[in-house]
Amino acid sequence: MTEDLTRRGFGLLTLAAGLALARPSWAQDSTGYANSQLLVDADALAARIAQQAAQSSGTGDGPVLIDVRPRADFDAGHIPGAQHLEPNAVVAGHSPVDGSLKPVAALETLLGALGVAADRQVVLYDDKGGFHAARMFWLLEYLGHRNVALLNGGYSAWTGAGHDASTKAVAHPPAVFHAAPSPRRYASAQDVLLQNDAPGGVLIDVRPTRMYEDGHIPWAVNVPWAQNLDDAARFRSAGDLLDHFARHGVSPDHNVILHCQVGLASAHSYVALRLLGFPRVRVYHRSWAEWGNDPSLPKVLS
């Protein structure tokens, strides 16, 4: 009981500190998350888009909307003003490790073409509970962008709330994106090795339990990413998520590294922990695709 209260108390202190952060007035209202500005509600986003459209300047300072779904889904209907980005557009075409990212210079070009600049809010969405959009969220934070959010519930939340869809592609002016990669967001295999038995360190394998049991890093704790979501494919409340991670021995005072198979699902749990205000969270992006195929690295196999 004392341990649970201690974890809960630390979490609440983290939440209270995070709520003092500045957030856009149109971002999702506080739901107990320390960083509630990282999620956008469909109704609030619709109101912001309408406000931008009504501005006499025509362009305004509205968010850069990025639809991270397959092209056919985007063409069939998307949020008005959104730009399309293929889910795997950031993945290197030729790499010995599946899911590896393109070089930073190529990512700068890609993001600049979408109009992403340091002074612009970026809102990402998909229709997979944030599965693909979360990787872009993590990637933007890793590359130094400070103003990024997910549409909670994705495109389904948008249409479910009765908002209009568009099939029209809109041209947006390009921007210059300057990356400043942050080691606070990224972990390598060497970082994972160093964290073994490190005080306060915890490694989370977010893959489904079946995949974890087939093979995993010996000191990894299995906390499947899909458990971040409720039945409507929205992020669970702050209290639910704090309790959920605490049941797996993970609390905000830990130094957390997340991994999955190819760097997608781990980014989803990265978003969940960022929402909760965990101060030290990194993604081992090359994940099991690298670790599982390297005979020199320790592993548990079924």
Side-chain angles (χ1 to χ4, degrees), residues 3 7 87-88 90-92 95-101 128-139 141-142 183-229 233 235-236 240-276 278-302:
E3 183 180 2
R7 284 175 176 159
N88 288 320
V90 299
V91 176
S95 172
V97 177
D98 289 344
S100 293
L101 296 171
K128 301 289 185 184
F131 186 71
H132 289 106
R135 177 170 61 183
M136 289 305 303
F137 177 102
W138 165 76
L139 179 59
E141 289 210 327
Y142 164 58
R184 295 178 56 246
R185 307 299 187 192
Y186 182 92
S188 65
Q190 183 63 25
D191 293 323
V192 174
L193 283 169
L194 291 173
Q195 195 192 46
N196 185 20
D197 296 326
V202 61
L203 174 67
I204 302 176
D205 183 332
V206 309
R207 296 175 301 162
T209 300
R210 175 188 56 80
M211 296 179 69
Y212 173 84
E213 291 175 344
D214 286 344
H216 61 268
I217 299 173
W219 53 95
V221 177
N222 184 220
V223 189
W225 75 273
Q227 296 174 5
N228 300 328
L229 301 172
F235 280 91
R236 293 162 63 181
D240 281 352
L241 284 174
L242 277 170
D243 289 342
H244 167 61
F245 283 103
R247 284 193 295 272
H248 290 86
V250 181
S251 57
D253 56 326
H254 281 114
N255 186 350
V256 181
I257 294 178
L258 300 153
H259 89 86
C260 56
Q261 189 69 26
V262 293
L264 271 167
S266 51
H268 197 279
S269 291
Y270 170 87
V271 174
L273 295 183
R274 287 279 289 116
L275 283 169
L276 295 175
F278 277 52
R280 295 175 294 173
V281 186
R282 289 177 288 169
V283 169
Y284 171 33
H285 178 76
R286 294 166 76 90
S287 285
W288 188 253
E290 175 181 64
W291 194 283
N293 289 303
D294 188 336
S296 71
L297 295 173
K299 53 187 71 71
V300 176
L301 301 174
S302 61

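Note that this is a predicted model, so its numbers are computed, not measured.
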With a 4.5 Å heavy-atom cut-off, do [X] and [Y] have their side chains touching?
X: Arg247; Y: Val223; result: no
X: Ile204; Y: Val256; result: yes
X: Leu273; Y: His254; result: no
X: Arg207; Y: His259; result: yes
X: Asp240; Y: Phe235; result: no

Nearest heavy-atom neighbours spanning [X] and [Y]:
X: Gly215; Y: Leu301; result: CA-CD2, 3.9 Å
X: Ala134; Y: Val271; result: CB-CG2, 3.9 Å
X: Asn255; Y: Arg282; result: OD1-NH2, 3.8 Å
X: Lys299; Y: Asp294; result: NZ-O, 2.8 Å
X: Ala265; Y: Cys260; result: N-SG, 3.5 Å
X: Leu258; Y: Ser266; result: CD1-O, 3.7 Å

For the backbone of [Y] and the side chain of [X], can you confirm whether one donor and one acceptor N or O come within less than 3.5 Å of each other?
X: Ser287; Y: Ala289; answer: no
X: Gln261; Y: Gly99; answer: no
X: His268; Y: Leu264; answer: no
X: Asp191; Y: Ser188; answer: yes
X: Arg274; Y: Val281; answer: no
X: His248; Y: Phe245; answer: no

What's the spacing between [X] [atom1] and [Y] [atom2] if we round to 0.5 Å?
X: Asn228; Y: Phe131; atom1: CG; atom2: CZ; value: 11.5 Å
X: Leu241; Y: Leu229; atom1: CG; atom2: CG; value: 9.0 Å
X: Met211; Y: Thr209; atom1: CE; atom2: OG1; value: 11.0 Å
X: Asn293; Y: Arg286; atom1: CG; atom2: CZ; value: 11.0 Å
X: Glu290; Y: Ser95; atom1: CD; atom2: OG; value: 9.0 Å
X: Ile217; Y: Asp205; atom1: CD1; atom2: CG; value: 7.0 Å

From CA spacing to verdict: side-chain contact (heavy atoms from CB on, under 4.5 Å), Tyr142, Val283 | CA-CA 9 Å; Tyr142 164 58; Val283 169; over 6 Å; no

side-chain contact (heavy atoms from CB on, under 4.5 Å) assessment of Val221 paired with Tyr212 = CA-CA 9 Å; Val221 177; Tyr212 173 84; 6.0 Å; no

Using the side-chain contact (heavy atoms from CB on, under 4.5 Å) rule, take Gln227 and Val206 through it: C-alpha gap first, then chi angles, then the decisive distance, then the call.
-> CA-CA 9 Å; Gln227 296 174 5; Val206 309; over 6 Å; no

Partners meeting side-chain hydrogen bond (donor to acceptor under 3.5 Å, both in side chains) with Tyr270 (sequence neighbours left out) = Glu141, Arg185

What orientation do Tyr186 and Trp138 show, parallel under 30°, tilted 30 to 60°, or perpendicular over 60°?
-> parallel

How are the rings of Trp291 and Tyr284 set to each other: parallel, tilted or perpendicular (split at 30° and 60°)?
-> perpendicular

Would Leu193 and Gln190 satisfy side-chain contact (heavy atoms from CB on, under 4.5 Å), going step by step from the backbone distance to the final call?
-> CA-CA 5 Å; Leu193 283 169; Gln190 183 63 25; 4.0 Å; yes

Just do the side-chain hydrogen bond (donor to acceptor under 3.5 Å, both in side chains) check on Asn222 and His216 with the steps written out, would you?
-> CA-CA 9 Å; Asn222 184 220; His216 61 268; over 6 Å; no

